[in-house]
Amino acid sequence: MQRTLVKDALHATAPTDTIFLQGWVRTRRDAKAFSFVELNDGSCLKGLQIVVDASLADYPAVAHAHTGAAIEVTGKLVASKGAGQQWEVVATSFKVIGEADGTYPLQKKGHSLEFLREIAHLRPRSNLFGAVFRVRSRLAYAVHQFFQERGFHYVHPPIITASDAEGAGEMFRVTTLDLENPPRGADKHVDATKDFFGKKTFLTVSGQLEAEIFACALSNVYTFGPTFRAENSNTSRHAAEFWMIEPEVAFCDLTGDMDLAEEFVKHLLRDVKTHCAEDLEFFGKFVDKDLAARLDFVLEKPFVRCSYTEAVEIIAQSGKTWEHPVSWGDNLQAEHERYLTEEHFKCPVTVYNYPRALKAFYMRVNAPDAQGRETVAAMDLLVPGIGEIIGGSQREERLDVLRESMARHHLDEKAYWWYLDLRRYGSVPHAGFGLGFERMLMFATGVANIRDVIPFARTPGAAEF
RNA sequence: UGCCCGGUAGCUCAGUGGCAGAGCAGGUGACUGUUAAUCACUUGGUCGCUGGUUCGAUCCCAGCCCGGGCAGCCA
């Protein structure tokens with residue numbers, strides 16, 4: 001018999017004589033003559049109430065249907081006599097497929113997020129994590145939908161790379177060399193030419209440089225895949241392995257890039273709001289009371305755009321005492337970014353045109369300002385509660401300027417020969433950005449820790465599961 | 001990596017320099033419709049680890065381990 005998902009059963013418009021369900025027991029309530037079993041199959045937040053009469057031949061099985069047990073139920077879908085739900089199933093058959101005894105760690109009571117992280121193999125069965133991972137799935141779909149509908153092509157840059165995408169942080173080394181006894185050259189250093197790829201290789205920290213190649217051929221492209229950073233970062237917004245989306249657009253300047261970023265963020269939030277309404281309502285109730293208001297607010301208003309130079313002035317004139325006072329040329333600190341987006345503008349803010357010295361070599365150099373200060377066409381999108389969610393730039397398409405920037409960063413042109421070739425043959429203005437998928441998910445759900453929006457978090461000292 | 005907070009039953013937590021506590025979960029029973037059901041009874045402990053102080057340490061001290069928060073770095 002065909003299985004019906006709880007989600008579909010709950011949306012029934014009429015009673016059904018026979019329905020077949022499979023799932024896991026969330027809770028059970030026994031009376032003298034019958035039991036209530038709440039069945040959840042992950043298809044949606046809510047469970048379906050199963051009523052098992054004590055006269056049923058299968059009734060003894062109910063005693064084994066503890067919280068967490070896997071069950072199969074056949075029965076009639078009927079209007080519930082109780083107050084809490086529209087539909088319930090009166091069982092005609094009730095089978096326990098996989099028992100769960102009293103050591104099952106998930107209880108009906110609330111658990112701390114820290115505890116649930118330690119049982120990452122079971123936490124998807126909780127209300128909160130079921131909701132998180134349904135939203136994660138939908139959000140990934142919305143990413144593809146947004147770009148595909150706009151004529152962007154999905155490209156797959158390599159996970160293993162020899163190019164040290166400068167400025168993006170520490171990299172994980174990939175090697176098959178014997179670490180106990182590596183081959184050494186005449187200079188006693190480890191001989192990387194003996195390694196699997198004949199050179200030093202790493203896990204990618206960004207697919208951007210490769211995406212530029214494809215943008216300069218297919219015009220509009222995006223990547224969406226895992227990204228690795230070996231920084232020893234211990235914060236609620238950093239993971240060593242995360243998913244990143246990197247669109248790259250040919251014939252596009254920084255303004256077009258900021259437009260795309262804003263449209264993209266709004267599309268994702270709008271989509272989740274439409275298609276994950278029940279899960280978002282749950283987050284609004286138990287995770288972040290202001291979630292719904294914040295999402296509406298973000299969708300309604302245009303994001304503020306503010307140049308780095310203006311931002312520095314706003315921060316200086318705020319009248320606040322800063323742990324790190326800022327003057328032109330300094331990096332904006334977390335406290336400054338938070339002030340801009342949470343207090344001053346109370347809105348997502350795109351800060352653009354950063355000092356050249358602070359940013360990566362590939363960013364396009366702007367004309368100096370009246371005081372002769374050099375900036376690059378970079379932008380960061382800051383959102384309340386999280387901070388930087390997007391970082392992007394227009395890329396330097398002029399060969400001579402790019403070579404000068406590389407020299408400033410002490411980069412070897414030979415290692416970037418193919419990147420320079422793009423500027424030699426049919427070079428065009430182009431721009432792109434990177435959006436941290438998990439940070440977007442945090443923003444969309446209100447979940448405060450990145451470890452709780454990724455199935456199995458990889459952070460310094462932690463790679464369980 | 002730095003600074004700060006924490007670790008007591010399966011979970012959430014209280015507590016004390018002198019026999020280890022509650023609620024929930026588990027078990028037994030009761031209950032004619034429950035919704036984190038309720039009620040009665042009940043099982044359950046290396047008080048993170050190691051060392052020190054003490055007649056006596058779960059409690060005080062030191063080191064270590066683990067978890068969390070913030071900062072830096074970033075998406």
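To find a chain, count down the sequence lines: A is the first, B the second, and so on, and within it residues start at 1.
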Tell me what Ile390(A) touches on the nucleic acid: a base, only sugar-phosphate, or nothing, going by heavy atoms under 4.0 Å. sugar-phosphate
Is it the case that the side chains of Tyr222(A) and Gln148(A) hold a donor-acceptor pair, with the cut-off being a distance below 3.5 Å and no angle test? yes
Counting only side-chain N and O atoms of Ser233(A), is one of them less than 4.0 Å from OP1 or OP2 of C73(B)? no
So does Thr27(A) get a side-chain nitrogen or oxygen closer than 4.0 Å to the phosphate oxygens (OP1/OP2) of A37(B)? yes
Determine, stepwise, if the pair Thr445(A) / Arg136(A) fulfils side-chain hydrogen bond (donor to acceptor under 3.5 Å, both in side chains). CA-CA 10 Å; Thr445(A) 60; Arg136(A) 186 179 170 111; over 6 Å; no
Side-chain N or O of Arg237(A) versus OP1/OP2 of A71(B): is the shortest distance under 4.0 Å? yes
Between G69(B) and Asn449(A), is there an OP1 or OP2 to side-chain N/O distance shorter than 4.0 Å? yes
Select base, sugar-phosphate, or nothing to describe what Gly434(A) touches, counting heavy atoms under 4.0 Å on all strands. sugar-phosphate
Under 3.5 Å, is there an N or O donor on one side and an acceptor on the other linking the side chain of Gln49(A) and the base of U34(B)? yes
So does Arg117(A) get a side-chain nitrogen or oxygen closer than 4.0 Å to the phosphate oxygens (OP1/OP2) of G68(B)? yes
Gln85(A) near the nucleic acid: base, sugar-phosphate alone, or nothing, with a heavy-atom cut-off under 4.0 Å? base
Under 4.0 angstrom between Arg338(A) side-chain N/O and A71(B) OP1 or OP2: yes
Can you tell me if the side-chain N/O atoms of His66(A) get under 4.0 Å from OP1 or OP2 in G27(B)? yes
For Phe115(A), which contact category applies under a 4.0 Å heavy-atom criterion: base, sugar-phosphate, or nothing? sugar-phosphate
Determine, answering yes or no, if Phe36(A) is stacked on G33(B) under the 5.5 Å centre rule and the 30° plane rule. no
Tyr354(A): which of Asn366(A), Thr309(A), Leu332(A), Thr375(A) passes side-chain contact (heavy atoms from CB on, under 4.5 Å): Leu332(A)
Distance check, rounded to the nearest 0.5 Å: Ile71(A) atom CD1 versus Asp58(A) atom CG? 11.5 Å
Between the base of C31(B) and the side chain of Arg29(A), is there a donor-acceptor distance below 3.5 Å? no
